[in-house]
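So the structure is just underneath, and the comments pick up after that.
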Amino acid sequence: MSNEPITLTAGDAEVSLQPGNGGRVAGLRIAGTELLRQGDRFGCFPMVPWCGRIRDGRFLNGAIAHRMPLNSPPHAIHGTARDGAWRTARVAADEAVITYDLVEPWPYPGRVTQIVALAEDALTLTMAVETYDSSFPAQIGWHPWFNRTLGGEDARLDFSPAWQEERGADHLPTGRRVEPRPGPWDDCFGMPDGVDVTVTWPGQLELTVTSPEQWVVVYDEQEAAVCVEPQTGPPNGLNTLPRLVTPLEPLEATTTWRWRRL
């Protein structure tokens, strides 16, 4: 197994995958047009074993308290796997399977498996966290950076959430659910029927991000990109809405991006 870059193709779609750089999708080109912001920190990276911020980097597993490095002071953000080197388990022309073993600073052993499957009109990402040892809380999510412009008008976001998590001054949900507010956003929304967000580059391309999960963070406060992040719980969810990974029950999630030309 290696962590060399991988290229997947299907029709006129091409995906660049970088296992060695946090298991991220580094590029998605449709008929030669790049949809993802380029750069070592961008593309689309997996958020695991947590998504968004953990308050003060602290979380509990039962009565045991842990603290993660404060990589977005005063909080810890976006998990540890995006900073590690993943390994390639299997590659075909249009699909790759990569894995990452959880290591320090995460305090529990576990393995993350990500499947990247490309079709002519869609990309499906599937991730699972499993353990054969101690149970622990975890989250799964993806953080794509879609280019705000493909050379024409800016991208437009369309979605109909049931609620918005009220955001405190510390950028974390307060625990109150409010009516969705107009952007720009760095906010978490609830979509109990599943995530469904459309990114439209007028006159060029429409891309829909879907997931069976019920949570999505939308971030469009920067000039270069817009982010649509499906995830298994809200920011600080290790403390407020933990999903437990056990030897008998892994944590699994999936998201699909489907596109069409306009």
Is any side-chain heavy atom of [X] less than 4.5 Å from a side-chain heavy atom of [Y]?
X: M127; Y: V48; answer: yes
X: V217; Y: P235; answer: yes
X: V218; Y: C227; answer: no
X: T33; Y: L205; answer: no
X: I115; Y: E95; answer: yes
X: N71; Y: M68; answer: no
X: H75; Y: I77; answer: no
X: I6; Y: P19; answer: yes

Using the ring centroid of each side chain, check whether W215 and W142 are separated by less than 6.0 Å.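 Here the rings of W142 and W215 have centres that are no less than 6.0 Å from each other.
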
Does the side chain of [X] pick up a donor-acceptor pair with the side chain of [Y] at under 3.5 Å?
X: Y219; Y: E221; answer: no
X: S211; Y: T255; answer: no
X: T113; Y: T99; answer: no
X: W106; Y: E104; answer: no

Would [X] and [Y] show up in the same hydrophobic cluster when neighbours are defined by side-chain heavy atoms closer than 4.5 Å?
X: F45; Y: L123; value: no
X: L102; Y: W86; value: yes
X: V195; Y: M47; value: no
X: L125; Y: V199; value: yes
X: W257; Y: I30; value: yes

Hey, which of T131, N61, D133 is the one that makes side-chain hydrogen bond (donor to acceptor under 3.5 Å, both in side chains) with Y108? N61

So, does [X] use its side chain to make a donor-acceptor pair with the main chain of [Y] at under 3.5 Å?
X: D101; Y: R111; answer: no
X: T246; Y: L248; answer: yes
X: R24; Y: D40; answer: yes
X: T232; Y: I140; answer: yes
X: W50; Y: G52; answer: yes
X: E229; Y: V216; answer: no
X: D158; Y: V197; answer: no
X: Q38; Y: L36; answer: yes
X: N21; Y: A85; answer: no
X: D170; Y: L172; answer: yes

When you look at Q114 and V97, which way does the side-chain contact (heavy atoms from CB on, under 4.5 Å) test go after all the steps? CA-CA 6 Å; Q114 184 175 202; V97 180; over 6 Å; no

Testing the basics here: between [X] and [Y], what is the closest heavy-atom pair and its distance to 0.1 Å?
X: Y100; Y: G84; result: CE1-CA, 3.8 Å
X: Q139; Y: G237; result: NE2-CA, 3.8 Å
X: G27; Y: E34; result: CA-OE2, 3.4 Å
X: P109; Y: F136; result: O-CE2, 3.4 Å
X: G23; Y: P46; result: O-CD, 3.6 Å
X: P74; Y: L70; result: O-CD2, 3.6 Å

Spatial distance of atom CZ (R58) from atom CG (L238) [nearest 0.5 Å]: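 Those atoms lie 13.5 Å apart.
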
With sequence neighbours excluded, give me every salt bridge (charged side-chain N to carboxylate O under 4.0 Å, His left out) pair touching residues 195-214. E206-R260, E213-R243

Ion pair present between R177 and E166, side-chain N to carboxylate O less than 4.0 angstrom?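 Result for this pair is no, no salt bridge flagged.
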
If the threshold is 4.0 Å, N to carboxylate O, is there a salt bridge linking D154 and R156? no

In this structure, are over 12 heavy atoms from other groups packed under 6.0 Å from R148 atom CZ?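 Count over threshold, so yes.
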
If you draw a 6.0 Å radius around CD in E249, do more than 12 non-hydrogen atoms from other residues or ligands fall strictly inside? no

May I have the list of side-chain donor-acceptor pairs in residues 10-17 shorter than 3.5 Å, sequence neighbours left out?
unit_1	atom_1	unit_2	atom_2	d
D12	OD2	R261	NH2	2.3
E14	OE2	R29	NE	3.0
E14	OE2	R29	NH2	2.4
S16	OG	R29	NH2	2.7

Can you give the donor-acceptor pairs under 3.5 Å from side chains of residues 178-194 to other protein atoms, not counting sequence neighbours?
unit_1	atom_1	unit_2	atom_2	d
W185	NE1	R181	O	2.7
D186	OD2	H171	ND1	3.4
D187	OD1	Q164	NE2	3.4

